[in-house]
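Before any comments, here is the structure.
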Amino acid sequence: MESQGTGRQPKYQRIAVELKAAIEDGRYGPGDRLPGENDLMAAYAVARMTARQALGVLQTEGLVEARKGAGVFVREYRPIRRRGVQRLSAGLWGEGRSVWAVDAQGWDLEVQSVTVADEKPPEAIGRVLGLGAGASACVRRRRFALDGRPVMLATSYLDAALVSGTAIAEPDTGPGGIYARLGEIGHGPVRFREEIRSRMPTPQETDRLSLSAGTPVVLICRTAFTAEGWAVEVNDMVLDSSAYILEYDFTS
C-alpha cells in the first residue's frame, strides 16, 4: 500500500510542493519539460494516480501546461503590458493608429472572428447608452491574438441608429478604429471609465481563448464618453489573465 507520507499532507501535494520549488529556483525554466508520470512514480515510489494528481495541482495553479503526446511543460510567461491610460489617448487613435498599438509593440497582432450585427443589447448596457425600449445596438465581437495566441475577446455596443452607414457597422472600421470614426461624426470620446474584476472562465471562453486548466479571466468593461457626458460605446472584454499585466499611470 502506498505511503501517504508524514503528517496530514497527502503525498501528491508534497510532490507538487517540491516541483513548484524546483520551478521557482530555476531548475525548470519556462518551456522546460517536467518529469512525467513514470518518472515521478519511480522517484517517489507512488502510484500513477498520485503522480497524475501532483502534476494536476501545478496545472490547476497555472504554472504548467500539458501538451498532448509531449508531456507537461513550465508555462512561458512573456506578458502583454496593457497600458490602460496611454492606449486611450486621442493622440493615438486620432492619428489613425489602433488603441492596440500600445499593447502590441513587438508582437504580431491579429484580429480574428470579427462579427457585426444589430441586436437588442443587455438591459444594463442599453441604459448606459441611453437607448429607448426596443432600440437596437450595433454589436461588434472580436477575438484578438498576439503571435497566434488568442488573448482577448471583446464585444462593443454602440447606438445602432448613431453609427448606421458608417464604417463602425462594417467588419473593418479603418485607421484609428471605432473612436476615430466616432470623431468623424462629431461624437469622439474624451473620457473613459473601466471597471475590472476577475472570475473563472465559462466553457466557451476556455475554448475560444485556448485557456489552460485553472486559468482565470480578467473582465474589463470600458465605457467611452463624449465631452457632453454621453456614453457612445460600452466594450466588454475578457482577457486571459496569464497573458497580461495591467498598468495604469496616475498623476496627483
Side-chain angles (χ1 to χ4, degrees), residues 2 4-5 9-82 100 103-115 141-155 198-220 237-247:
E2 179 183 315
Q4 291 301 307
Q9 188 179 47
K11 191 68 173 286
Y12 77 88
Q13 290 185 353
R14 291 174 50 209
I15 298 172
V17 167
E18 291 185 20
L19 290 173
K20 282 193 285 186
I23 293 171
E24 289 168 0
D25 67 20
R27 280 177 282 165
Y28 297 107
D32 286 349
R33 183 182 182 277
L34 290 183
E37 292 177 8
N38 291 338
D39 300 317
L40 295 178
M41 290 166 61
Y44 292 94
V46 296
R48 183 174 300 278
M49 181 57 69
T50 301
R52 185 171 299 168
Q53 286 177 306
L55 293 171
V57 169
L58 302 186
Q59 286 181 258
T60 299
E61 294 183 5
L63 295 175
V64 303
E65 58 185 358
R67 301 175 189 170
K68 190 172 182 179
V72 176
F73 295 80
V74 180
R75 294 187 68 167
E76 298 189 57
Y77 186 60
R78 182 189 168 203
I80 304 160
R81 190 169 291 274
R82 184 183 186 275
W100 264 75
D103 300 342
Q105 294 177 19
W107 302 81
D108 180 19
L109 169 65
E110 182 181 4
V111 184
Q112 305 173 330
S113 307
V114 180
T115 64
R141 294 183 174 88
R142 296 90 77 205
R143 181 174 67 179
F144 292 84
L146 293 179
D147 287 357
R149 174 187 175 184
V151 293
M152 186 181 80
L153 308 174
T155 304
S198 65
R199 60 165 168 76
M200 297 307 294
T202 66
Q204 182 184 38
E205 290 164 349
T206 296
D207 179 62
R208 296 201 66 206
L209 290 172
S210 301
L211 299 175
S212 299
T215 303
V217 289
V218 174
L219 309 179
I220 301 178
M237 293 164 273
V238 181
L239 286 65
D240 174 355
S241 66
S242 69
Y244 279 90
I245 291 175
L246 305 182
E247 177 182 303

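Residue numbers run from 1 in the order of the sequence given.
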Any sub-3.5 Å donor-acceptor pair from D207's side-chain atoms to Q204's backbone N or O? no
Any sub-3.5 Å donor-acceptor pair from R33's side-chain atoms to A70's backbone N or O? yes
At their closest point, which heavy atom of [X] faces which heavy atom of [Y], and how far apart are they?
X	Y	result
P216	P201	CA-CD, 4.1 Å
V151	A243	CG1-CB, 4.0 Å
A54	A16	O-CB, 3.8 Å

Quick one: [atom1] on [X] to [atom2] on [Y], what's the gap to the nearest 0.5 Å?
X	Y	atom1	atom2	value
M237	L153	CE	CG	11.5 Å
L146	M152	CG	CE	9.0 Å
L63	L58	CG	CG	6.0 Å
L34	Q59	CG	CD	9.5 Å
D240	F144	CG	CZ	15.0 Å
L55	T50	CG	OG1	11.0 Å

Is the number of heavy atoms from other residues, nucleotides or ligands under 6.0 Å of M200 CE greater than 12? yes
Passes side-chain contact (heavy atoms from CB on, under 4.5 Å), V17 versus Q9? Steps please. CA-CA 11 Å; V17 167; Q9 188 179 47; 3.9 Å; yes
List in chain and number order the residues that pass side chain to side chain donor-acceptor pair (under 3.5 Å) with Q112, two or more places apart in sequence or in another chain; answer none if no residue qualifies. E110, R143
Side-chain touch [X]/[Y], heavy atoms, less than 4.5 angstrom:
X	Y	result
L239	V217	no
S241	T215	yes
Y44	E18	yes
R208	S113	yes
R48	L40	no

With sequence neighbours excluded, tell me which residues meet salt bridge (charged side-chain N to carboxylate O under 4.0 Å, His left out) with E65. R67
Under the rule for salt bridge (charged side-chain N to carboxylate O under 4.0 Å, His left out), what residues qualify as partners of E205, not counting sequence neighbours? R199
The test is side-chain contact (heavy atoms from CB on, under 4.5 Å); show your working for V64 and L19 and say whether it passes. CA-CA 11 Å; V64 303; L19 290 173; over 6 Å; no
N-O pairing of R149 and D147 below 4.0 Å: no
